[in-house]
Amino acid sequence: QVQLVESGGGLVQAGGTLRLSCAASERTFSTYAVGWFRQAPGKEREFVAATNWNADTTSYADSVKGRFTISRDNAKNTVYLQMNNLKPEDTAVYFCATKLSATGWGGRTTLENYDYWGQGTQVTVSS
């Protein structure tokens with residue numbers, strides 16, 4: 001069982017930056033792919049970004065490409081989401097998830113494919 005804890009959310013003005021962290025309880029986390037998803041009020045949870053186990057392969061939603069960067073520090077059991085040039089439409093609860101047991105990397109954009117989830121952290125971008 002892997003426990004995930006997100007942090008780093010907050011209130012920021014449009015154009016600002018935030019860095020989210022996803023810290024894991026188990027060392028095996030360093031061998032798993034990790035995804036970031038977000039859910040805005042009244043909307044479905046959507047894929048934002050993902051990294052493979054050593055961050056040499058990453059993937060982004062078109063809406064955040066060029067603005068967000070996913071990275072990881074396996075020595076710290078932590079994955080990060082650097083968010084630059086934030087827009088009001090980025091306002092959402094952000095969740096990290098890990099371990100694609102059934103599908104591997106090919107299932108990275110589908111939330112049902114992840115085994116473990118954090119509780120989320122709120123990001124609010126004001127205009």
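All of these numbers come straight from a predicted model, not from anything done at the bench.
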Within-4.5 Å side-chain heavy-atom neighbours: [X] and [Y]:
| X | Y | result |
| --- | --- | --- |
| Val64 | Arg38 | yes |
| Val79 | Ile70 | yes |
| Val2 | Lys99 | no |

Any donor-acceptor N/O pair, Glu6 side chain to Gly120 backbone, under 3.5 Å: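 A pair under 3.5 Å: yes.
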Ser30 side chain vs Asn74 backbone, donor-acceptor pair below 3.5 Å: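 Answer holds: no.
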Side-chain H-bond candidate by donor/acceptor type, Thr51 with Arg72, under 3.5 Å: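 Their side chains do not contain a donor-acceptor pair, so the 3.5 Å distance test is not met.
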Arg27-Asn77 side chain donor-acceptor pair, cut-off 3.5 Å: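 Side chains of Arg27 and Asn77: pair found under 3.5 Å.
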Is it the case that over 12 heavy atoms from other parts of the model lie below 6.0 angstrom from the [atom1] atom of [X]?
| X | atom1 | answer |
| --- | --- | --- |
| Trp53 | CH2 | no |
| Glu46 | CD | yes |
| Gln119 | CD | no |
| Lys43 | NZ | no |

Stepwise side chain to side chain contact (heavy atoms under 4.5 Å, CB included) test for Asn84 and Gln82: CA-CA 7 Å; Asn84 299 332; Gln82 178 69 40; 2.9 Å; yes
Row check, Tyr60 ring normal vs Arg67 NZ/CZ: under 6.0 Å, within 45°: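 Checked: cation-pi criterion not met.
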Of the non-hydrogen atoms in [X] and [Y], which two are nearest, and what is the gap between them?
| X | Y | value |
| --- | --- | --- |
| Ala92 | Ala40 | CB-N, 3.8 Å |
| Asn113 | Gly107 | ND2-O, 3.0 Å |
| Tyr80 | Lys76 | OH-CD, 4.0 Å |
| Ser127 | Ala14 | CA-CB, 4.4 Å |
| Ser21 | Thr78 | CB-CG2, 4.1 Å |

According to a hydrophobic-cluster definition based on side-chain heavy atoms being under 4.5 Å apart (Ile, Leu, Val, Met, Phe, Trp, Tyr only), do [X] and [Y] belong together?
| X | Y | value |
| --- | --- | --- |
| Tyr116 | Leu81 | yes |
| Leu100 | Phe29 | no |
| Val48 | Leu4 | yes |
| Val12 | Met83 | yes |
| Leu86 | Trp36 | yes |

Trp117 and Phe95 aromatic ring geometry - parallel, tilted or perpendicular at 30°/60° bounds: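 Because their plane-to-plane angle is over 60°, the rings of Phe95 and Trp117 count as perpendicular.
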Chi angles and distances behind the ring-ring contact (aromatic ring centres under 6.0 Å, His included) call for Phe37, Tyr114: CA-CA 11 Å; Phe37 290 75; Tyr114 288 85; 5.4 Å; yes
Rounded distance (nearest 0.5 Å) linking atom CD of Gln122 with atom OG1 of Thr91: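 Answer for the CD-OG1 pair, Gln122 versus Thr91, is 7.5 Å.
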Salt-bridge contact Asp90-Lys87 (side-chain N to carboxylate O under 4.0 Å):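 Looking at Asp90 and Lys87, the cut-off is not met.
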